[in-house]
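Data block below; observations after.
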There are 2 protein chains.
Amino acid sequence: MNVDIGNALASVASPGVSRASLERLDEQVAAAHERIERGMANADHGYEALNLPERTDPDEIRAAVEPVADADTLITVGIGGSSLGAATIVDALESDTETVFLDNVDPEWVSGRLDGLALENAAINVVSRSGTTAETLANFLVVREAFEDAGVDWTERTIVTTGESGPLRDLADRHDLPSLKVPDGVPGRFSALSAVGMVAAAVCGHDLEALLAGAAAERETLSGSLFDCPAYAYGATTYALDGRGAGVNAMMPYAESLETSAEWFAQLWAESLGKDDLGQTPVRALGVTDQHSQLQLYRAGPRDKLVTFVTADADADRSIPTTDVEELAYLGDATLGELLEAEFEATEASLAAAGRPNVRVELEAVDEYELGGFLYGMEAACVLAGELYGVNTFEQPAVEWAKKATRGLLGGGEFEEAKAVAEKTELRVER
Amino acid sequence: MNVDIGNALASVASPGVSRASLERLDEQVAAAHERIERGMANADHGYEALNLPERTDPDEIRAAVEPVADADTLITVGIGGSSLGAATIVDALESDTETVFLDNVDPEWVSGRLDGLALENAAINVVSRSGTTAETLANFLVVREAFEDAGVDWTERTIVTTGESGPLRDLADRHDLPSLKVPDGVPGRFSALSAVGMVAAAVCGHDLEALLAGAAAERETLSGSLFDCPAYAYGATTYALDGRGAGVNAMMPYAESLETSAEWFAQLWAESLGKDDLGQTPVRALGVTDQHSQLQLYRAGPRDKLVTFVTADADADRSIPTTDVEELAYLGDATLGELLEAEFEATEASLAAAGRPNVRVELEAVDEYELGGFLYGMEAACVLAGELYGVNTFEQPAVEWAKKATRGLLGGGEFEEAKAVAEKTELRVER
């Protein structure tokens, strides 16, 4: 990926960061890069994620999915980091395999997703590091039962990705299921380029080597200066802008196929940096759609936002038919792709003209290689930003409270947290 | 809808608003309510939207869609306010009619959406007030051509919703198409309860009278005190919290069927209030999915957020099958619906326990009546908030710049804005 931070400079935008400030910040980038390199060399928790281009074995993943390589539908049961990396890859790329992601427990929705499926040709991709994630295990039990009800032997159609031990590991062993290991030292939100993200890609027939090669090429750019490394340029610029008031980071791809990547980015950014009262709030947007929804706010609301555009050269285009309506004649000389491009350039320029900071992340195409680079690049950007903020990038302690409360509420043990639920302060206004 | 603002009180959260402050604010609410009532009585621009429960004629809409009432696929061509209201309604409710919303011009995506459709049984719902929206008109020209290529007479299968004049109005007249009028004085983002939102609902067989009745019941609650009116309670609380530092408003429904409503809300809030450097930034979230993505940030990141939960009693449930795995046994006594409910209560309590403000918006069901009330209630909340901020709620001047630039870039006339695009400041970091 290439990154253009020109519209984040103080000469263009407010908040903005001056060239001189970036040069001063580059000394911190150099120091942070040393820590990152050291963490990678020592395979330290979290930093190990940046070693995945070398660690992940595509042959092992392909071997595990071989029994279900004929699936015409793949049901991935996972949530958060056990789902969003895989979804980003398969939503971005074309495949004949239909993909379903069960990442919520809304009963009507789960039933609706399962009801229409021909389960005899389906496969299950269940992912949970701990093997105890309540939503994932509940949905897995539901899906297993649906397979049984349809007379399909789920043990022949299930791939498990989980940790070294736990209920899912036990189950895989008991039923002799093909299974893969969530790599050690790699938090879920950084695991797209491991089995966690790539089992679905393999079943869909995508080029795993190209995904890893794109990531490896991005890894090659990691260096002691933000001016030499697109990932660090992005991470350092967002950090600098946050410090200058841009607490919101709106990720706005101009390609529908990359819409899910904004969800993935939102988890990466929020869970990694959102601690100690710090961290930008990621916002998921989509060009051109959100020009007609969010642009007014981005251009004229509070000066607390960075807009990150993601662009990708399109493969195919489509002409706009000519019309005899004079006011619309100009459209007939263009294609949808040209309209999309003009809308992007106009939106980017309109923010700059209003002095609103924005950054452009460019992919040369939406393919495995570029996608691998994007996933790796954004992860490296996030790791760098975490170093600059001084937070513990790789933990997410604040989510534990609600997990305990949920378990307590469902009778899964005694937890103080569950009792707090009953003590809610109410101020109700009713119709 | 009912609203519970207990977890936004200063006794629970920081930022929070004290009961005494709410009582002082209530005097401003009373004054704002007078202006709103006056605007409604005079059918003033924007305020007229709050009269839609009485203005919209379901019979007229049903008569217009009658020629395509047999459609098994409805393609809505519109963007922003010409799409999101309709999408919110049809995505929330069950129907045998498949719905497609063309709200982007990505060429691969548009082709992908159209390629699989049996156009002989499809209908087109094209919506643009001005009749000149570039994305909508370009897509309409593409869809028309696709119908022609399939040998289907699009003039028999198209319903037009547009203003009194303009290219789409001319086209409807020329081809004698069934057409409806975007009501005067109602900005797009406030038009869900007019033909703009309800044509799609009518084709899908939803109960238009119940949508309007739900809205009318909410209208009945509008009064001079936030303590008597759920919509004003919501609008006043968000305004008060924004002033105290909660510049972000994360809308988090706990029902997949309401996911699109968060998109609709995001436009309503952003375009109406995002001006004069004011306005909360809406964030679209989804429970339980985003507990595994955004909760860490919401609970431990900057204290700049309000989380708005939307809950709805579910129609149907699904048991979680029992398992002999001891660690998971507690799940087998529950249903997916109970798990969803426990997750919601746990998440709400976990934010309160961390002193993070949150508000609960409750619907009794996801049906036409409750949905009409929700749409109307959030619109009234937004109008009230606009009065309190003192902004011009019903305009969106900041989006014009990019529209002119786009037109100029495509050769649709001479525009200064298009020239600015070429002058972009670059600071590129390449791989």
Side-chain angles (χ1 to χ4, degrees), chain A residues 2-6 12 79-80 103-107 109 138 141 145 167 230 233 256 267 270-271 274-275 279 289 292-297 299-301 317-318 320-321 325 330-331 336-337 339-340 342 345-347 349-350 396 398-399 401-402 405-406 409 412 421 425-430, chain B residues 2-6 12 79-80 103-107 109 138 141 145 167 230 233 256 267 270-271 274-275 279 289 292-297 299-301 317-318 320-321 325 330-331 336-337 339-340 342 345-347 349-350 396 398-399 401-402 405-406 409 412 421 425-430:
Chain A
N2 298 324
V3 169
D4 182 347
I5 57 174
V12 174
I79 194 164
D103 59 358
N104 202 350
V105 292
D106 179 313
W109 177 79
L141 293 171
E145 188 179 61
E256 280 267 352
Q267 183 194 7
E271 274 194 349
K275 44 201 66 159
T289 311
H292 294 260
S293 167
Q294 302 301 301
L295 184 56
Q296 167 69 35
L297 172 72
R299 197 162 189 264
D317 208 343
R318 185 156 186 147
I320 302 172
V325 180
Y330 75 100
L331 291 173
L336 288 184
L339 176 56
L340 182 71
E345 288 183 344
T347 300
S350 92
Q396 54 288 335
V399 303
W401 198 101
T406 300
L409 288 174
V421 171
T425 303
E426 290 200 344
L427 201 178
R428 293 176 61 83
V429 182
E430 305 196 352
Chain B
N2 299 323
V3 169
D4 182 347
I5 58 174
V12 174
I79 194 164
D103 58 358
N104 202 349
V105 292
D106 179 313
W109 177 79
L141 293 171
E145 187 179 61
E256 279 269 350
Q267 183 195 8
E271 274 194 350
K275 45 201 63 158
T289 310
H292 294 260
S293 167
Q294 302 302 300
L295 184 56
Q296 167 70 34
L297 172 72
R299 196 162 191 265
D317 208 343
R318 185 159 186 145
I320 302 172
V325 180
Y330 74 101
L331 291 173
L336 288 184
L339 176 57
L340 182 71
E345 288 182 346
T347 301
S350 92
Q396 54 288 332
V399 303
W401 198 102
T406 301
L409 289 173
V421 171
T425 303
E426 291 199 344
L427 175 39
R428 294 176 61 82
V429 182
E430 306 196 351

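In what follows, every chain begins at residue 1, and chains take the letters A, B, ... in the order their sequences are listed.
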Rounded distance (nearest 0.5 Å) linking atom NE2 of B/H292 with atom CG of A/N104: 9.5 Å
Proximal component of B/L340, with respect to chain A [non-hydrogen, under 4.5 Å]: both
From B/I5 atom CD1 to A/T425 atom OG1, the distance as rounded to the nearest 0.5 Å: 12.0 Å
Residues which pass side-chain contact (heavy atoms from CB on, under 4.5 Å) with A/A342, listed by chain and number, not counting sequence neighbours: B/T406, B/L409, B/L410
Spacing of B/E271 atom CD and A/Q294 atom CD [to the nearest 0.5 Å]: 8.0 Å
Backbone N/O of A/Q296 and side chain of B/Q396: donor-acceptor pair under 3.5 Å: no
Which atom of A/S293 lies closest to which atom of B/A270, heavy atoms considered: O-CB, 3.6 Å
Inter-residue atom distance B/L331.CG - A/L141.CG, 0.5 Å rounding: 7.0 Å
side-chain contact (heavy atoms from CB on, under 4.5 Å) involving A/A349 - partner list, sequence neighbours excluded: B/W401, B/V421
Residue selection (most heavy-atom pairs with chain B, distance under 4.5 Å) from A/A233, A/S350, A/G80, A/A405: A/S350
Structural part of B/V3 lying under 4.5 Å from a heavy atom of chain A: both
Backbone of B/E426 reached by a side-chain donor or acceptor of A/D4 within 3.5 Å: no
Heavy-atom donor-acceptor pair, A/T289 side chain to B/D103 backbone, under 3.5 Å: yes
Under 4.5 Å from any heavy atom of chain A - which part of B/A138: both
